[in-house]
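What follows is a short report on a single structure.
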Amino acid sequence: MMRRLALVTFLAAIASPVTASPRFEPVDGPISSHVYAGGWEHFVGGGVAVLDCNADDRPDLFLAGGETPAQLMVNKGKMIFAPQPLSDSPETAPLTGVTGAYPIDLDADGVLDLFVMRSGPNVALRGQGDCRFEKATAALGLPDNGNAWTTAFTAWWARAAARPTLAVGNYVDRADPEGPFGTCDDNAILTPVDQGWQTQPLTPGHCPLSMLAARDARGQLSLRLSNDRHYYVRGGSEQLWDIAKQRFLGSADGYEPPRLWGMGIASRDLDGDGRDEVMLTSMGDQNLRLAREGGYVTAPFSMGTSAHRPHIGEDGRPSTGWHAQFGDIDNDGRADLFISKGNVDQMPGMAMQDPNSLLMQQPDGTFSDHSFAAGVASTARGRGAALADLDGDGRLDLVVVNRRAGAELYRNVTPDAGHWLSVELHQPGGNSRAVGARVRVHATGWSEEQEITIGGGHAGGQAGPLHFGLGDVTNVKITVVWPDGAETRHAPAGVNRRITLRR
């Protein structure tokens, strides 16, 4: 651990003398009236998908609604969002029962679609441009998941495949008369075939609330499932499925899975060794897994990432963490961490006044909570969220979906933030946005690396450029390892801008 902190301190001292204090201001508008609501089937979920659905370089939002209709919010600029119907077609009526959604190009046409998770049959919304979508589940050949309760999703492209492989995570089997405890439903792997996708059950299922396909500590592509112990009760755990070998990893592989009330997943390389650390949110301690050669270890309490109890107020009961996302809030070259929080509903053993956590990474590699000072310590029942540059000023803004309360939109107004760079990749073929690529932005004595993925968070994710905070660095180079392993190098002219690298 001391070696890790020494490395982070060394890098921070070179690249990140910026010492800005994070600040957000709330933004009123139609988003504030959107509520994620419903009974026990919507205690979980409530995600938000971020995508540019009209090619104007402004991120738009799709918010899950539970028993209320999901809502598409189109970005008009200057943090103004306008609700828009998904389509003019009556066949694309308002969608209810939505737990979350992920943007993805399902049909390899270069236009982003939405995989919409529901309590009930999932829906594929095919993008048609200008933020218009059509229901295309059957037309695309996606298998009917029946009345399953889908709460997790991720995807990846096999080498040379035109269309993605999908992983669908299902929660409690509501049809099991012995339920709900111990009756977790089967998950599924959907593999592309000539006509649509073929279903492969992924068992055992332990009630996942988040899934992420990404490189693990071994450097191999694996499928991570974060599972809710509240329903698997016993005999379950977090899961790691080796995609190449088509099997779950265990003790014989050096993987010792934790058991927790898993809600969300975030990943980021925090120490510059090329391996991503993994944050698993939970009821109680938030579990940061430090990647080591061949495996993971739990971060020590002194690192400041456990976020296990409310950090303000008088409610000392344990916290409930949901969406987690790393992002450089003040552009100092160090990844920070946002965790949305909120009681499941009325669980008496957990905090009812449970503010979100904004954990800012310090020069020594530890984290400290700045959510109250930054203005994002809402005590609504937080669920899905997203950090994204919504107004194009180079600072990551924030949107949070809440259960039984209005969604919240925050503009990042951090003064004296550092330099930044936004990097988007495009390549020929079905995987046009290069999912699986790793992008490293580096300068003398400093580097940051991120992987392009689909999945993770809690019930929602993003498709868009990767954001890199640079601190005082103004002259950088970029190394891209594309999904097939080919490597390219680039020398952008200047910083504080968005660039697109085409293969």
Side-chain angles (χ1 to χ4, degrees), residues 36 38-47 49 62 64-67 69-70 95-102 104 106 113-125 135-155 164-192 196-213 223-233 236 239 241 248 262-265 344 383-384 454-461:
Y36 183 71
W40 82 291
E41 292 176 344
H42 298 294
F43 284 1
V44 301
F62 178 86
E67 291 183 0
L95 284 172
T96 58
V98 173
T99 57
Y102 289 84
I104 181 173
L106 290 167
D113 313 303
L114 283 167
F115 187 95
V116 180
M117 307 183 301
R118 299 178 68 240
S119 178
N122 295 326
V123 172
L125 293 178
K135 285 185 179 178
T137 315
L140 292 174
L142 278 170
D144 185 357
N145 70 317
N147 202 37
W149 180 1
T150 300
T151 50
F153 176 82
T154 189
T165 300
L166 315 177
V168 178
N170 298 317
Y171 202 47
V172 173
D173 182 357
R174 296 165 296 169
D176 192 324
E178 302 298 323
F181 302 105
T183 58
C184 295
D185 209 345
D186 291 339
N187 304 311
I189 304 292
L190 307 184
T191 305
W197 280 262
Q198 176 178 290
T199 301
Q200 169 192 344
L202 183 63
T203 58
H206 298 324
C207 290
L209 287 174
S210 187
M211 304 168 80
L212 178 62
L223 168 60
R224 183 179 299 277
L225 297 89
S226 188
N227 300 307
D228 186 359
R229 191 174 185 174
H230 186 70
Y231 287 116
Y232 70 67
V233 186
Q239 294 169 295
W241 192 70
F248 286 108
M263 307 293 195
I265 303 172
V344 172
R383 291 298 187 264
I454 296 173
H458 179 73

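Hydrogens, waters and symmetry mates play no part in the numbers below; they use all other heavy atoms, side chains included. Small disclaimer: the values here were computed from a predicted structure and weren't measured.
- Scanning for side-chain contact (heavy atoms from CB on, under 4.5 Å) contacts around Ser210 gives Ser226, Ile265, with sequence neighbours left out.
- A search for side-chain hydrogen bond (donor to acceptor under 3.5 Å, both in side chains) contacts involving Tyr232 returns nothing, not counting sequence neighbours.
- Pro204 has its side chain within reach of Gln239: a pair of non-hydrogen atoms, C-beta onward, lies under 4.5 Å apart.
- Val168 is listed as a side-chain neighbour of Phe115, based on a closest heavy-atom distance under 4.5 Å.
- Looking at residues two or more places apart in sequence or on another chain, you find a side-chain hydrogen bond (donor to acceptor under 3.5 Å, both in side chains) between His42 and Tyr36.
- Residues passing the side-chain hydrogen bond (donor to acceptor under 3.5 Å, both in side chains) test with Asn187, sequence neighbours excluded: none.
- In this structure the side chain of Asn147 reaches within 4.5 angstrom of the side chain of Arg174, judged on heavy atoms.
- To the nearest 0.5 Å, atoms CD (Glu41) and OG1 (Thr99) are separated by 10.5 Å.
- Looking at every heavy atom in both residues, Leu106 comes nearest to Pro164 through O-CD, 3.9 Å.
- Separation of atoms CD (Gln200) and CG (Asp186) is listed at 11.5 Å; rounding is to 0.5 Å.
- Here the CH2-CG distance, from Trp197 to Leu166, works out to 6.0 Å after rounding to the nearest 0.5 Å.
- With sequence neighbours excluded, the residues that form a side-chain contact (heavy atoms from CB on, under 4.5 Å) with Ala167 are Thr154, Trp156, Ile189, Met211, Leu223.
- Judged as a side-chain contact (heavy atoms from CB on, under 4.5 Å), and not counting sequence neighbours, the contacts of Asp185 are Ala148, Asn170, Asp173.
- Residues that satisfy the ring-ring contact (aromatic ring centres under 6.0 Å, His included) test with Tyr102, not counting sequence neighbours, are Phe153.
- Applying the side-chain contact (heavy atoms from CB on, under 4.5 Å) criterion to Ala459, with sequence neighbours excluded, gives Met117.
- Screening residues 136-146 for side-chain hydrogen bond (donor to acceptor under 3.5 Å, both in side chains), with sequence neighbours left out, gives Asn145-Thr150.
- Arg118 pairs by the side-chain hydrogen bond (donor to acceptor under 3.5 Å, both in side chains) definition with nothing, not counting sequence neighbours.
- A heavy-atom distance below 4.5 Å is not found between the side chains of Tyr171 and Ser119.
- You'll find the side chain of Leu125 reaches within 4.5 Å of the side chain of Lys135, heavy atoms only.
- For Phe43, there are no ring-ring contact (aromatic ring centres under 6.0 Å, His included) partners at least two apart in sequence or on another chain.
- The CG atom of Leu212 lies 10.5 Å from the CD1 atom of Ile454; values are rounded to the nearest 0.5 Å.
- A heavy-atom distance below 4.5 Å is not found between the side chains of Val344 and Val44.
- Outside the 6.0 Å centre-distance limit, the rings of His206 and Tyr231 are not counted as a close aromatic pair.
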